[in-house]
Amino acid sequence: MQNVQDMLSIVTQILFITFLLMAFTGMDQKLRMIIWARGIRMGLDKLEEMTRESKEELEKTLRNLGAKNVEEIVEKIMDYFTISPVDIEPTDITKRLGHILRSAEYRWRELIDRALPNISKHEKWNILVMMEITNVLNTIYKIIRHYLYYALKNNNIFIIMQLWMIMPEIMKMAEGYRKAVDAFKDGKPIGDSVGPAVAQRFFMMAKRKWRPAEDTVAGEVEIEGRRVYVIKAEGPGATVGNPGEAVERVVEELGGNVDLIITVDAALKLEGEETGSIAEGSGAAIGDPGPEKIRIERAATKYGIPLHAIVIKMSNEEAILEMKKEIAKAIDKVFDMLKKRILELPKGATAIIVGIGNTSGVGQ
Amino acid sequence: MNEIKLDDYLFLLFSALLIFSVALSLSKFSKKEEKKRVVTVIRCEKCGKEEVREWREGDYIGKVVGTCECGGRKYIALIYAEGEEKKERKLLGI
């Protein structure tokens, strides 16, 4: 027993001296940095794997559709970037931003059109979204890798600490994107498709359908003496269309003679809020970077048309994954709410309903 | 005969805690994979009768899939994923 006690005492002394030395030489921080960097590296490996899987999935889909220069297309989109417009001169910034975003979109479409000239519009849209996801995953991976290498090179514990702290959120976001590839590949509705799905209910009753803007459809519906114009992206391919431009055109065609504009969209829920819960508000519910939203706001403001919004709450991840039951159940509720709202208008009134969001898996 | 002192017990306790915390930080919690199935809800436009089946390729909301017994159009009203929620193990219930 004496021997055991002596041994324990020696170990205690060694540990004490080690901790003391570590504390005074800064080795404890170095050790912490190594542990954090190891954690980040594990996440980074997972990110690399997700990017590779997404890339392989995209290549496989392109090959199955008959594309030949698959590697060349995928390599081009992997590192594709868009440059924000100058913001120290804000004049026409939304127009410039819209132009830049469309330039990027057209370039990607051009790549697909050249490789696969005979595929349907909806297949093209699904591939475009898969390309976007692959690009996003690759960008996330490269940015995290950059900061990790930069921090290790410069021995910067603060960058490592911040990276380590945000890694769980980054991983959750990346996992969401990775899983979304499967939903888009199959053309299933996603959480964000809730707006177009509500609009689709009105399209079932439409007397007339037309395209007021590229990849966007409109329908005219009569509800007990009230005229309703419904707008959504053209489905069932994965596109968001140009709802801002479409609203502007329809309002102009009607000479501003519109009594109400209601936008329906998916909205980010706050922690604690239930998925699929519905909220009403004012303004344009649309999550684009600005060019489409401003067109709806301008059209409504120009003619003094009340602009309202109905949103269906969900998390970021739920918005890009297959539509959950709670979100799907909200479609009928919002449809009933909208009908009730329309009937509150006097007979002969005109309203515009806009289903905002990605129309993946939703027709018209 | 020598007795084991309180210090020794404390040391053992401290060592055990240290080993536990290191193991905890290095270990990965096993997460239950979410079991999901995607279903298609077909509804009659006229009588509202509903039927639920597994999602099939080519299904999309709004697609007309046939005629109901009542003579109304049957269309795909909803497509959604349902299944078990992912169970995350929480440390100390936090």
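Note: hydrogens, waters and symmetry copies are ignored here, and every other heavy atom, side chains too, is used. Quick note on labels: first sequence line is chain A, next is B, and so on, each numbered from 1.
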- Message: For a 4.5 angstrom cut-off between non-hydrogen side-chain atoms, does B/Y60 reach A/H122?
- Response: no
- Message: Nearest 0.5 Å, please: how far is CD in A/E322 from CD in B/E82?
- Response: 12.0 Å
- Task: For B/E54, enumerate each residue passing the side-chain hydrogen bond (donor to acceptor under 3.5 Å, both in side chains) test, keeping only those at least two apart in sequence or located in another chain.
- Result: B/R37
- Message: Using side-chain heavy atoms (C-beta onward) and a distance below 4.5 Å, is B/V38 in contact with A/K188?
- Response: yes
- Task: Please say whether more than 12 non-hydrogen atoms of neighbouring residues, nucleotides or ligands are located less than 6.0 Å from NZ in A/K340.
- Result: no
- Query: Can you say whether A/I327 sits under 4.5 Å from chain B via the side chain, the backbone, both, or neither, judging by heavy atoms?
  - Reply: neither
- Note on the structure: Between B/Y80 and A/K329, the two heavy atoms sitting closest are OH-NZ, 4.1 Å
- A/W36, CH2: over 12 other non-hydrogen atoms inside 6.0 angstrom: yes
- Interatomic distance, A/D332 atom CG to B/L78 atom CG [nearest 0.5 angstrom]: 5.5 Å
- Message: According to side-chain hydrogen bond (donor to acceptor under 3.5 Å, both in side chains), who are the partners of A/K124, at least two apart in sequence or on a separate chain?
- Response: A/D113
- Considering all heavy atoms of both residues, which atom of B/G62 and which atom of A/Q200 are nearest to each other, and what is their separation? CA-NE2, 3.0 Å
- Message: I'd like to know whether CZ of B/R53 has more than 12 heavy-atom contacts from other residues, nucleotides or ligands below 6.0 angstrom.
- Response: yes
- Using modelled atom types only, decide if a donor and an acceptor are shared between the side chain of A/R201 and the backbone of B/A77 within a distance under 3.5 Å. yes
- Nearest-0.5 Å distance, NZ of residue A/K325 to NZ of residue B/K36: 14.5 Å
- Message: Taking atom NZ as the centre, does A/K209 end up with more than 12 heavy-atom neighbours from other residues, nucleotides or ligands that are less than 6.0 angstrom away?
- Response: yes
- Message: With a sphere of 6.0 Å drawn around CZ of A/F203, does it hold more than 12 non-hydrogen atoms of other residues, nucleotides or ligands?
- Response: yes
- Message: Measuring only between side-chain heavy atoms, which start at C-beta, is A/M204 closer than 4.5 Å to B/R73?
- Response: yes
- Item | Charged N-O contact under 4.0 Å between B/R56 and A/D186 | no
- Task: Can you measure from CD1 (A/I190) to CD1 (B/I79) and round to the nearest 0.5 angstrom?
- Result: 12.5 Å
- Item | A/K121 atom NZ: more than 12 heavy-atom contacts under 6.0 Å | yes
